[in-house]
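These notes concern the structure reproduced below.
The analysis underlying the following values was restricted to heavy atoms, covering all of them including side chains, and did not include hydrogens, waters or symmetry mates. So that the names make sense, note that chain A is the first sequence line, chain B the second, and so on, each numbered from 1.
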Amino acid sequence: MSVRVRFAPSPTGYLHVGGLRTALYNYFFARKHNGSLVLRIEDTDRTRYVEGAVENLIRTLTWAGIEFDEGPHIGGPHAPYFQSQRLDIYKKHAELLVEKGWAYYAFDSPEELEEARQKSPHHEFKYDRNKMKNQFTIGWGKSLELISQGVPYVIRLKVPDNEEIRFYDIIRGEIIVNSKDVDDQVLLKSDGYPTYHLANVVDDHLMEITHIIRGEEWLPSVPKHILLYKAFGWEVPKLAHLPLLLNKDKTKLSKRQGDVAVEDYIAKGYFRDAFVNFIALLGWNPSADREIYSIDELIQKFELEKVNKSGAIFDVVKLEAINSKYLYSKPIEELAKEFKIWVEKRGYSGYSEDYLRQVVGLLRERVKKLPDIIDFAPYMFERPKQFDLEYFNKHWNPSTKEHLKNILNLFLSTDDFTHTKLHDLVVEYLNSKSLKLKDVVHPLRLAITGLSYGAGIFETLEVLGKKEVVERLEYFIDKVLPELSKES
RNA sequence: GGCCCUAUCGACUAAUGGUUAGGUCACCACUCUUUCAAGGUGGUAGUACGGGUUCGAAUCCCGUUAGGGUCACCA
């Protein structure tokens with residue numbers, strides 16, 4: 001039987017990075033085994049539905065390079081892929097369970113349940129089917145009567161009193177839970193919608209899912225699902241519960257402690273392949289002394305059996321390190337094209353791709369993300385408005401102004417504005433004065449960029465071009481210098 | 001609190017009974033240098049604890065401790 005896996009998010013707004021990793025592992029697993037990947041939307045909670053969330057989810061998944069074989073956006077043999085469009089299926093199955101004696105009707109109001117919950121300390125409340133209002137306490141006939149009168153009801157799973165439930169998880173091994181610790185879960189809500197547990201089990205079976213790969217937070221509800229499969233007489237798919245992605249304090253990754261939406265990272269300028277690379281290696285790795293992998297390599301090397309058991313802290317520093325490696329190794333033309341979009345987004349226009357290519361080439365190894373270049377070297381896009389006073393004080397002496405003027409004249413005298421030529425001209429001049437390169441390089445950098453750091457100054461001059469450099473130097477000497485001298 | 005899961009450098013992880021416990025990020029030092037980076041070289045740092053099993057344990061078993069998840073008519 002061929003592998004069929006699914007990614008089944010609920011449309012509550014955006015794709016969580018943990019969700020992305022789950023989707024990625026499902027995708028890797030499906031591709032590696034020439035199987036199918038299904039996208040199913042678990043929108044059974046009407047109160048949490050967010051407009052546009054599904055489109056957003058699909059857009060982000062697509063950005064990450066994940067391709068589905070079936071789903072709401074492409075259809076497939078098991079459509080519809082929205083659970084909200086499969087209500088009759090769940091209802092039919094819930095009623096089948098009542099018929100078989102595996103489930104029962106209950107009529108407790110939310111208020112009554114809340115009251116019962118309040119009475120028990122901590123979280124010790126468990127639905128007592130012998131005391132609450134249901135078909136066992138009020139009788140079968142009375143129950144049918146209430147239902148026919150339109151009284152709201154739910155269908156609950158009738159969990160055995162004291163029975164060992166065993167299941168095997170590919171990542172965690174055998175797990176045993178006693179049914180006495182399992183609550184009589186609601187399967188069908190009073191609004192006619194199924195709960196996650198029912199819908200999930202029914203759909204995974206109907207859609208012929210062979211492996212369930214999902215987050216560890218689902219592990220505690222597996223016993224309920226096992227009971228459901230047994231009640232229906234269905235085979236349980238293979239299970240794999242992934243370790244959680246954690247905050248720095250080791251709690252489940254949450255919005256409070258940083259960005260959890262994939263789109264936040266897209267907006268910050270991380271590369272798709274770098275981000276996927278990073279996320280994929282949280283909880284699993286191919287056991288080699290390297291960490292840069294293409295998506296194809298990740299697919300080839302992926303093994304569910306090698307996924308870790310313990311949670312992984314999401315560390316942005318590591319993400320930045322990986323991203324910067326991609327930044328350093330990607331083709332410069334590709335970067336220039338992408339960089340243009342970022343530059344324009346910042347309101348700078350009119351730069352040729354050739355100019356941007358040179359800027360990227362000069363600065364990419366100094367930053368972590370492509371758009372960071374703009375903040376790191378704003379002087380490539382506009383003339384400096386501020387000048388680092390500390391830097392000025394550190395490198396200025398009474399004769400520096402004279403040297404700068406002379407260097408300006410040297411620049412004016414040449415039409416060969418390459419960094420090697422500029423370097424040679426300056427060195428020649430310095431030799432005649434018995435000075436060192438560092439005596440003038442810093443003042444020059446300050447005049448041109450306003451900053452104490454950046455790419456090699458002669459390379460920077462070359463990229464900026466003669467006209468721009470000359471104008472900046474003249475402006476600095478005439479206008480800025482008097483002001484700085486006053487302040488220092 | 002009940003139930004369940006987990007435990008290797010600060011972080012991500014490798015080592016599936018035999019290694020001086022390895023790599024990457026971060027950090028530190030040195031080097032290169034025209035600033036900032038990048039690069040190069042080197043370094044600090046880990047098997048939570050206690051018992052077993054075994055000739056031999058990070059690895060298997062038990063316990064302790066710690067952390068996490070979960071206990072809805074949410075998913």
Side-chain angles (χ1 to χ4, degrees), chain A residues 8-12 42-45 47-48 83 106 108-110 113-114 117 120-126 152-156 169 171-172 175-178 180-183 185-197 199-200 215-223 241 243-244 246 248-252 278 281-292 305-306 308-322 324-325 328 363-367 376-377 391 394-395 423 426 436-442 444-446 449 451-459:
Chain A
S10 62
T12 52
E42 311 229 325
D43 54 346
T44 57
D45 184 356
T47 63
R48 295 218 303 178
Q83 289 188 326
D108 317 276
S109 68
L113 286 166
E114 188 50 39
R117 242 177 232 116
S120 58
H122 304 294
H123 273 285
E124 279 160 32
F125 174 81
K126 191 162 169 282
Y153 68 96
V154 301
I155 292 180
R156 281 182 184 268
D169 186 278
I171 295 168
R172 281 150 220 286
I175 295 171
I176 304 168
V177 178
N178 193 296
K180 70 175 167 20
D181 295 317
V182 180
D183 204 5
Q185 181 67 49
V186 169
L187 300 176
L188 196 72
K189 302 184 245 181
S190 58
D191 62 3
Y193 279 63
T195 57
Y196 170 86
H197 309 283
N200 198 263
E216 189 189 339
E217 68 268 29
W218 292 110
L219 205 48
S221 52
V222 173
H241 288 85
L244 260 17
L246 312 172
K248 275 212 158 44
D249 67 358
K250 293 188 184 286
T251 53
K252 193 167 152 185
F278 168 70
L281 263 33
L282 247 29
W284 166 76
N285 85 69
S287 315
D289 283 347
R290 54 183 277 226
E291 58 182 8
I292 302 297
E305 290 79 5
K306 294 203 68 177
N308 293 159
K309 295 178 177 74
S310 53
I313 293 174
F314 182 99
D315 185 1
V316 182
V317 175
K318 182 85 174 188
L319 167 60
E320 285 183 339
I322 289 179
S324 67
K325 285 196 178 176
Y328 189 68
L363 294 154
R364 64 168 161 178
E365 62 196 47
R366 276 155 240 267
V367 298
F376 183 78
Y391 190 47
K394 190 172 171 189
H395 294 284
H423 176 268
V426 170
K436 295 239 163 73
L437 206 44
K438 65 179 176 189
D439 291 323
V440 81
V441 151
H442 301 292
L444 190 54
R445 173 181 300 284
L446 180 71
T449 71
L451 298 169
S452 63
Y453 54 83
I457 188 62
F458 296 109
E459 285 85 349

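Residue-level contact check: A:Pro194 touches the backbone only, with heavy atoms under 4.0 Å from sugar-phosphate atoms and none from bases. Across all strands, A:Lys394 comes closer than 4.0 Å to no nucleic acid atom at all (heavy-atom distances). Counting non-hydrogen atoms under 4.0 angstrom, A:Lys126 reaches nothing in the nucleic acid. Residue contacts for A:Val186: at a heavy-atom cut-off of 4.0 Å it reaches the sugar-phosphate backbone alone, with no base atom in range. Residue contacts shown for A:Thr195 are limited to sugar-phosphate atoms, with no base heavy atom under 4.0 Å away. Within the nucleic acid shown, A:Asn178 has no heavy atom closer than 4.0 Å to any nucleic acid atom. Residue A:Ile175 is in sugar-phosphate contact alone, with no base atom involved, counting any heavy-atom pair closer than 4.0 Å across all strands shown. Heavy atoms of A:Phe458 sit under 4.0 angstrom from at least one base atom.
Residue-to-nucleotide contacts include no donor-acceptor pair under 3.5 Å from the side chain of A:Arg172 to the base of B:C5. If you check distances only, the side chain of A:Lys318 does reach the base of B:U24 with a donor-acceptor pair under 3.5 Å.
Map A:Asp315 and A:Ala8 each onto its nearest nucleotide of RNA chain B; the residue landing nearer the 5' end is A:Asp315. In terms of position along RNA chain B, the nucleotide closest to A:Glu459 lies nearer the 5' end than the nucleotide closest to the other residue of the pair A:Asp108 and A:Glu459.
The phosphate of B:A14 has OP1 or OP2 within less than 4.0 Å of a side-chain N or O from A:Asn308. Between A:Lys250 and B:C5, a side-chain N or O to OP1/OP2 separation shorter than 4.0 Å is absent.
Looking at residues two or more places apart in sequence or on another chain, you find no salt bridge (Lys or Arg N to Asp or Glu O under 4.0 Å) involving A:Asp169.
Counting to the nearest Å, the P atom of B:A72 and the CZ atom of A:Arg156 are 10 Å from each other.
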